[in-house]
Amino acid sequence: MPELPEVEQAARTLGEQIVGAHFDGTIRCSWLKTIEGHAPDVLGAQLVDVMVTGWRRRAKWILLPLANQLTMAAHLRMTGRFVVCGRDEADIPQQRVAFGLRDGREVRFVDQRKFGRIRLLTPPELHQLETAHGYEPFDDALTPTVFAGLLQPTKRIIKAVLLDQTVLAGIGNIYADEALWRAQIHPQLPANQVSSAQATVLLDAIQTVLRQALTNGGSTLRDYRDSYGAKGSQQDNFMAYDRTNQPCMRCGTLIVKTVVAQRGTHFCPQCQ
DNA sequence: AACGACACCTGGAGGC
DNA sequence: TGCCTCCAGGTGTCGT
């Protein structure tokens, strides 16, 4: 599910509920791979009476800095979501891990497809996660010139580059298609053939699409919910994604779906 | 360097 | 209704 806007929304709505709260060290885990095979009691021992001091997002990771210098890092992958509820409430279908809070609540991670991951990072591990990812799309340092410079040295197709988290962090399949539609760029154009003028337009398209999605609480196609259980509404504004055989909003040509970079890809064959 | 294939998982949708 | 195949918002690995 989640790309930058969805992860941001999930992180914020989780943070609103638990920043300032203390974990109590209890963990109930029914799918060990979610915590990367670590023994739940070993993880729990690091969370006894530890306060959540804040929240932020990096790439598609939700980061919760803790008072003991560790950082809880969660990746939702396709279907992960957080739920905060009373400890006495019944387990939720597809719930994989539950972390107890000292105030009687639990932070629960629900994940149909079991791809999501939660880790506790030491400062060096956090640094490694940071450096493994590329520019945030709203980083002031990501000027049109810098962006064009990222595209210029590679012949890879532009969609693959947009999806590469080591180049730009946070874009996924939906917003790649949406941004390319806005910028009127064919998804299979080699990145080094994107002109500097097109790069400027594309960066603006990326930021515009993501900003709009952030305003709308992300996109909910099927599973995505924020940490209050609310859906996003950005799917109502899609111009290309999931609009196969529907008329292009710009020229009326039917939107085509193909496979590009191993991903379902929607574009207008006339104006892109 | 870059691409395809495949793995990891479940369940919903559509075809027959 | 039941069965089967395909598909999905992500990412990591492996072979070519």
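Bear in mind that the values here come from a model prediction, so they are computed numbers and not experimental data. The chains referred to below are lettered A, B, ... by the order of the sequence lines, with proteins before strands, and numbering in each begins at 1.
Phosphate proximity of C:dG10 to A:H75: absent, as no side-chain N or O sits under 4.0 Å from OP1 or OP2. Within the 4.0 Å cut-off from OP1 or OP2 of C:dG10, at least one side-chain nitrogen or oxygen of A:R263 is found. A close approach under 4.0 Å does occur between a side-chain nitrogen or oxygen of A:T154 and OP1 or OP2 of B:dA2. Taking 4.0 angstrom as the limit, A:K60 places none of its side-chain polar atoms (N or O) nearer than this to OP1 or OP2 of C:dG9.
Counting to the nearest Å, the P atom of C:dT11 and the CG atom of A:L4 are 11 Å from each other. A straight line from CG of A:L32 to C1' of B:dC8 spans 16 Å, rounded to a whole angstrom. Following rounding to the nearest Å, A:M78 (CE) and C:dG10 (C1') show an atom-to-atom distance of 6 Å. Put simply, NZ on A:K114 is 4 Å from P on B:dT10, counting in whole angstrom units. Rounded to an integer number of Å, the gap from A:E6 CD to C:dA8 P is 17 Å. Rounded to an integer number of Å, the gap from CD1 of A:I62 to P of C:dG9 is 19 Å. As rounded to whole Å, 13 Å separates atom P of C:dT11 from atom CZ of A:R117.
The side chain of A:L221 sits closest to C:dG9 out of C:dG9, B:dT10, C:dG12. If you check C:dA8, B:dT10, C:dT11 against the side chain of A:Q112, the one that comes closest is B:dT10. Taking only side-chain atoms of A:K257, from C-beta outward, the nucleotide of C:dG9, C:dA8, B:dC8 with the closest atom is C:dA8. Comparing B:dC9, B:dA2, C:dG9 by their nearest atom to the side chain of A:I174 picks out C:dG9. Counting only heavy atoms from C-beta on, A:Q262 has its side chain closest to B:dA5 among B:dT10, C:dG10, B:dA5.
The residues A:K60 and A:E3 are annotated as not salt-bridged, no charged nitrogen and carboxylate oxygen being separated by less than 4.0 angstrom. A salt bridge is defined here as a Lys NZ or Arg NE, NH1 or NH2 lying under 4.0 Å from an Asp or Glu carboxylate O, and A:E106 with A:R28 meets this definition.
No hydrogens or angles considered: nothing links the side chains of A:Q152 and A:N192 as a donor-acceptor pair under 3.5 Å. If you check the side chains of A:H266 and A:D177, you find a donor sitting under 3.5 Å from an acceptor. Side-chain polar atoms of A:Q212 and A:T215 form no donor-acceptor pair below 3.5 angstrom. Residues A:N245 and A:K257 have side chains that never bring a donor and an acceptor to within less than 3.5 angstrom of each other. With 3.5 Å as the limit, one finds a donor-acceptor pair spanning the side chains of A:N237 and A:Q234.
Backbone-only engagement by A:W31 is indicated by non-hydrogen atom pairs under 4.0 Å involving sugar-phosphate atoms exclusively. Using a 4.0 Å heavy-atom distance criterion, A:Y175 is classed as making no nucleic acid contact.
Residue side chain A:R156 does not reach the base of B:dA1 through any donor-acceptor N/O pair under 3.5 Å, judged by distance alone.
Only the P atoms considered, B:dG11 is 22 Å distant from C:dT11, to the nearest whole Å. Rounded to the nearest Å, the gap between the C1' atom of B:dC3 and that of C:dG9 is 22 Å. Nucleotides C:dC3 and B:dC8 place their P atoms 26 Å apart, quoted to the nearest Å. Remark: the separation of the P atoms in B:dC9 and C:dC4 is 23 Å, to the nearest Å.
For the strand DNA chain B, secondary-structure stems (runs of at least three Watson-Crick or G-U pairs, all distances below 3.5 Å) span B:2-8 with C:10-16, B:10-16 with C:2-8.
With A:W181 as the aromatic partner, A:R250 meets the cation-pi criteria of under 6.0 angstrom to the ring centre and within 45 degrees of the ring axis.
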Look for any protein N or O under 3.5 Å of an N or O in nucleotides 13-16 of chain C and output each such pair with its distance, or none.
none

Inset, instruction - Show your working on side-chain contact (heavy atoms from CB on, under 4.5 Å) between A:R182 and A:L202 and close with a plain yes or no. - result: CA-CA 8 Å; A:R182 280 188 173 265; A:L202 180 55; over 6 Å; no
Inset, instruction - Begin with the C-alpha distance, continue with both residues' side-chain angles, and end with the deciding distance and a verdict on side-chain hydrogen bond (donor to acceptor under 3.5 Å, both in side chains) for A:Y228 and A:E16. - result: CA-CA 10 Å; A:Y228 292 121; A:E16 285 169 2; 2.6 Å; yes
Inset, instruction - Starting from the C-alpha separation in whole Å, work towards a yes-or-no answer on side-chain hydrogen bond (donor to acceptor under 3.5 Å, both in side chains) for A:T79 and A:D111. - result: CA-CA 5 Å; A:T79 55; A:D111 184 20; 2.6 Å; yes
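In this pair, A:F115 does not lay its aromatic ring on the base of C:dT11; centres under 5.5 Å and planes under 30 degrees do not both hold.
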